[in-house]
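Both ligands and their constituent atoms are indexed starting at 1 by order of listing.
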Amino acid sequence: MIETDIIIIGAGPTGLFAVFEAGLLKLKCHLIDGLPQPGGQLTELYPKKPIFDIPGYPSVGAAELVDNLMEQIKQFQPGFTLNEVAETIEKQEDGTFIVTTNKGTKHHGKAVAIAGGLGSFEPRKPELENLAYYEDKGVEYFVKKPEMFAGKKIVIAGGGDSALDWSIYLADIAAEVYLVHRRNEFRGALDSVEKVQALKDKGKIKLVTPAEIVELKGTTRLEAVVVDREGAREEVLCDYFIPLFGLTPKLGPIADWGLEIEKNAIKVNNALDYQTNIPGIYAIGDINTYPGKLKLILCGFHEATLMCQSVYNMLNPGKKYVLKYTTVSGINGFDGTRKEAEKAVVKSIE
Ligand SMILES: Cc1cc2nc3c(=O)[nH]c(=O)nc-3n(C[C@H](O)[C@H](O)[C@H](O)COP(=O)(O)OP(=O)(O)OC[C@H]3O[C@@H](n4cnc5c(N)ncnc54)[C@H](O)[C@@H]3O)c2cc1C
């Protein structure tokens, strides 16, 4: 049995930052993730993309942000159970919890924070004959290692941000990039649409609209796709076909834990502390919902912070907590009581 204070389900950016905030309050964390590595969507879906809306970073690569979060929490020595999916949560008579994974690993904690993001997410796949045969033989649903597309001919399909962003990114490294979309209009950010237009004008992206991929061809691996443009069919030779039609969020086992669910997300009390309908179980980051919810990394960080304060108060009833600035207390400064805070301030003035 793994013992900890807070069991965190999901090691995406929200779960990782929660370890830091918990550490400031001297609470130990153990993270569980179904993926083999931490980082959630950042590592799994867009490791090489720059993120522009993390305060203090004009631009930071997604993988770099995960590395930095790991570095930031190292000092609090969190435990990790990776490559295992949290399957059940059992509340004990004393109010603590046991979380068991699909491989039978048991975790015992005083509180549970579900930071499960999109749950176990799956790509939406186009309905094409033999699609499964070409998976990993030229058909890819994620761009995890952009370098594998260097010098290759690529056909991307889709009309949202992912299709636009990856077309722009790969236009620089691939030999040829086709972007195929069934409408003339794109759903993605205006800025990205304009960039795609500019790359089309420079001949770096071949835009094919309104059109759809209707057939995949190749013997041992993908060699070509057939594009249907308003009834006219054309064979396009290619090394890779990347359909980017979004992800289907699947809550997975989380849906069976007796939590209040709304539109594939867990309802929480956002006026207070992001607690769910089960006291002691919190939901933070992309996995939760409340009026005005924004699925942004920044918002997950905020929610993780308030969750940790709430757990501290729950575990220390009657103990007055004084908000501390890390600039004053440092990382291991004091235990959150007024007396300790005053000591830290005096010390820093001295
Ligand atoms: C292409 C793209 C670009 C983006 N760009 C930005 C951006 O510029 N700025 C921004 O703020 N946001 C951006 N986002 C959104 C951002 O990635 C999410 O808001 C963020 O990842 C949410 O973090 P999280 O930790 O809540 O969840 P996630 O990152 O989804 O991590 C959740 C983790 O929980 C795990 N998990 C789920 N269920 C279980 C279970 N039962 N057992 C064990 N593990 C489980 C999953 O495996 C996953 O690793 C972007 C998203 C995408 C797809």
Worksheet item: Can you list the atoms of ligand 1 that are under 4.0 Å from a heavy atom of G40?
Response: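 Heavy-atom distances to G40 below 4.0 Å select 29 (O), 31 (O), 48 (C), 49 (O).
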
Close N or O approach ([X], ligand 1; < 3.5 Å):
X: Q41; result: yes
X: A86; result: yes
X: G10; result: no

Heavy-atom distance to [atom]: which of [options] wins?
atom: atom 4 (C) of ligand 1; options: W166, W257, Y46; result: Y46
atom: atom 38 (N) of ligand 1; options: I254, L69, N83; result: I254
atom: atom 20 (C) of ligand 1; options: I9, N288, D286; result: D286
atom: atom 32 (C) of ligand 1; options: G300, A304, A115; result: A115

Practice prompt. Go through the structure and list residues passing side-chain contact (heavy atoms from CB on, under 4.5 Å) with V227, not counting sequence neighbours.
Written response: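 With neighbours one apart ignored, the set is V180, V208, A211, I213, V225, V236.
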
Fill in: side-chain contact (heavy atoms from CB on, under 4.5 Å) partners for L306, two or more places apart
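L306 satisfies side-chain contact (heavy atoms from CB on, under 4.5 Å) with Y274, H302 only.
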
Discussion item. Could you check whether any side-chain N or O of Y134 sits under 3.5 Å from a backbone N or O of G218, counting only pairs where one atom can act as donor and the other as acceptor?
Written reply: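 Side chain of Y134 to backbone of G218: a pair is present.
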
Fill in: R124 to Y141, cation-pi by 6.0 Å centre distance and 45° axis angle
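Pair R124/Y141 does not count as cation-pi.
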
Does ligand 1 have a heavy atom under 4.0 Å from the side chain of [X], from its backbone, from both, or from neither?
X: D165; result: neither
X: D33; result: both
X: E44; result: neither
X: D53; result: side chain

